[in-house]
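Quick notes on the structure that follows.
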Amino acid sequence: MRKIQQILFAFLFILHVQGQVTKENKARIIILATGGTIAGSGESSTKSAYTAGKIPIDNLLNAVPEMYKYADIKGEQIAQIGSQDINIETWLKLSNRINQIFENNEADGIVVTHGTDTQEETAYFLSLTINSKKPVVLVGAMRPATAMSQDGNKNLLDAVMVASSPESKEIGVVTAMNEEIFAARDVTKTITTSTATFQSRNFGPIGLIYDGKVSYYYKTLRNPAKKFNIKGLKTLPLVEIVYGYADAKPSAIIAAQNDRAAGIVYAGMGNGNFNASAGKALENASKNGIIVCRSSRTGGGRVTLYNEVDDKALGFIVADDLNPQKARILLMLALTETKDKTIIQDMFFNY
Ligand code: SIN
């Protein structure tokens, strides 16, 4: 009898220790909610009409109890909006809160729920302003939480797995959706309604999530250790995007100048090209101290310096492979530090 008691005690002791180890090994994840379709609510499970950002964080967490197997999870509501309404103030708030969480060692990783429309912009902004290599995983959904075959719950579970995976320890800011992981600087929304909307046209996904396993294949080298310091900032310098097209008039460039923009990102044709009238207006803007950055409306490839355009003579810089909306973010942040075109161009070739 005594022997049986001893065996039972030993067995219970092992279970207890194992339980502790499992708990201690669980990553601490904070989910910061901002709204979007992942928190969207519609009147019907089969119709496409819905309102983004309706469902609060607690309901999102309750809908995916499977997450707690992988991590100790807390939720915080940062905003409750469609990502079309994300602005610089929300970016600063989000980035400052994430920096604070990591400085205070409150979490091992962070998941940000976010609409897909501007998710790539927020991801890139965070990747340039967060002083930690710890995982920050942005996630969204293409179908609202109330839809039949909604994609949000699975995406959220996958994002938590990415944020808590030992493989992600130094991955920094990524997006995880539709079982694919993308680097913040490379990801872009490519299709208006498909669940496979996130792509990196130039480089593809850096990793995959399947059956509870996170696998990485590549890492971006464009992730400099030095981040922009946004502490105390209330806003960023004004940078406008102007779209290029056949027979474009210079009015949008002149308007940006009149609004005292510090920079213009030109979403040019092909390799960042413009017609004669836009070119004249851009040259004039550059002569007046506005940083003019040529990017491309094509959605892929690089805009190259001094090839089709005499950037030196015109005083322009190029966005390299950043799309216009990401080039705007880098230019706004760069302008918080310097107006030196050589230094800013260097950032575009390294960030
Ligand atoms: C949004 O970006 O908030 C709306 C669209 C989406 O989340 O897919």
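As the structure lists them, so they are numbered: ligands from 1, and atoms in each ligand from 1.
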Can you name the nearest heavy-atom pair linking Ser41 to Pro144, along with the distance?
N-CB, 4.2 Å

Applying a strict 4.0 Å limit to heavy atoms, is Gly53 in contact with ligand 1?
no

Would one find an N or O of Gly82, backbone or side chain, under 3.5 Å from an N or O of ligand 1?
no

When only distance counts, is Asp117 in polar contact with ligand 1, meaning an N/O pair under 3.5 Å?
yes

May I ask you to check if ligand 1 and Ser83 share an N or O to N or O distance below 3.5 Å?
yes

Can you confirm whether the side chains of Asn271 and Thr304 place a donor and an acceptor under 3.5 Å from each other?
yes

Where do Arg97 and Glu106 land on the salt bridge (charged side-chain N to carboxylate O under 4.0 Å, His left out) test, with the steps shown first?
CA-CA 11 Å; Arg97 177 63 187 125; Glu106 292 174 56; 3.0 Å; yes

Is it the case that ligand 1 has an N or O less than 3.5 angstrom from some N or O of Thr37?
yes

Within a distance under 4.0 Å of any heavy atom of Ala141, pick out the atoms of ligand 1 and give their elements.
6 (C), 7 (O), 8 (O)

Between Glu120 and Asn323, is there a side-chain donor-acceptor contact under 3.5 Å, judged purely by atom types and distance?
yes

For Tyr218, does the OH atom sit with more than 12 other heavy atoms under 6.0 Å from it, leaving out its own atoms?
no

Quick one: look up the protein heavy atom nearest atom 8 (O) of ligand 1 and list residue, atom name and how far away it is.
Thr116 OG1, 2.4 Å

Go through Lys287 and Glu283 one step at a time and tell me if the salt bridge (charged side-chain N to carboxylate O under 4.0 Å, His left out) criterion holds.
CA-CA 6 Å; Lys287 278 193 182 128; Glu283 188 181 2; 3.3 Å; yes

